[in-house]
Amino acid sequence: MKRFKGFKILGPALIVILISVILANLKVVPFVADVYGVVAEYAIPLSIAMMLLSVDLKEMVKLSEKPLFAIGIAAQSVGIVTLIAGIIFAPMIDWE
């Protein structure tokens with residue numbers, strides 16, 4: 001699949017979803033089946049755990065410093081704005 005540029009752009013997860021939608025609409029596979037619940041309950045969490053086990057943690061920490069800092073700043077700004085809005089608008093709320 002790496003030979004075809006379209007597959008590389010879409011990624012494996014989206015390709016599998018598109019193929020399953022097409023097969024379901026062509027009535028090759030059923031829309032509803034008991035096995036889908038088994039896949040959702042067991043296979044998906046297992047695959048996520050397997051992907052996480054292959055992560056290079058040192059590289060991930062290096063790559064995630066700036067985004068985590070940005071999320072922290074965003075969370076602090078939301079907290080500050082909420083506090084200020086609470087102080088301003090609290091007298092206008094009927095608390096009874």
Side-chain angles (χ1 to χ4, degrees):
M1 286 210 179
K2 292 184 179 187
R3 293 186 295 178
F4 301 107
K5 198 172 198 173
F7 290 129
K8 188 176 182 181
I9 292 171
L10 292 177
L14 188 57
I15 292 170
V16 168
I17 291 170
L18 289 174
I19 290 172
S20 63
V21 167
I22 292 168
L23 290 176
N25 284 318
L26 293 174
K27 304 214 186 300
V28 175
V29 294
F31 279 103
V32 179
D34 292 335
V35 73
Y36 298 158
V38 173
V39 170
E41 190 171 341
Y42 298 108
I44 293 174
L46 182 62
S47 64
I48 292 172
M50 290 173 64
M51 285 190 320
L52 289 174
L53 287 173
S54 66
V55 171
D56 182 9
L57 292 177
K58 290 180 182 178
E59 190 67 27
M60 188 182 74
V61 168
K62 274 197 258 181
L63 292 173
S64 64
E65 286 176 354
K66 289 181 182 178
L68 286 176
F69 181 72
I71 290 171
I73 295 292
Q76 286 180 346
S77 65
V78 167
I80 291 169
V81 170
T82 304
L83 180 65
I84 292 170
I87 291 170
I88 293 171
F89 294 111
M92 299 177 197
I93 298 174
D94 184 22
W95 293 97
E96 294 178 19

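Note: hydrogens, waters and symmetry copies are ignored here, and every other heavy atom, side chains too, is used. We count residues from 1, following the sequence as given. The structure displayed is predicted, hence computed values, not measured ones.
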From the list Val21, Leu23, Val28, side-chain contact (heavy atoms from CB on, under 4.5 Å) partner of Asn25 resolves to Val21
Please determine whether residues Ile22 and Ile19 belong to a single hydrophobic cluster, defined as Ile, Leu, Val, Met, Phe, Trp and Tyr linked transitively by side-chain heavy-atom distances below 4.5 Å. yes
Co-members of the apolar cluster containing Tyr42 [side chain, <4.5 Å]: Val38
If you group Ile, Leu, Val, Met, Phe, Trp and Tyr by side-chain heavy-atom gaps below 4.5 Å, do Leu26 and Val29 land in one group? yes
Let me check something: any side-chain donor-acceptor pairs from residues 64-91 under 3.5 Å, sequence neighbours excluded? List them with distances.
unit_1 : atom_1 : unit_2 : atom_2 : d
Ser64  : OG     : Met60  : O      : 2.7
Ser64  : OG     : Val61  : O      : 3.4
Ser77  : OG     : Ile73  : O      : 3.4
Ser77  : OG     : Ala74  : O      : 2.8
Thr82  : OG1    : Val78  : O      : 2.7

How long is the gap from CG on Leu18 to CG on Leu14, to the nearest 0.5 Å? 4.5 Å
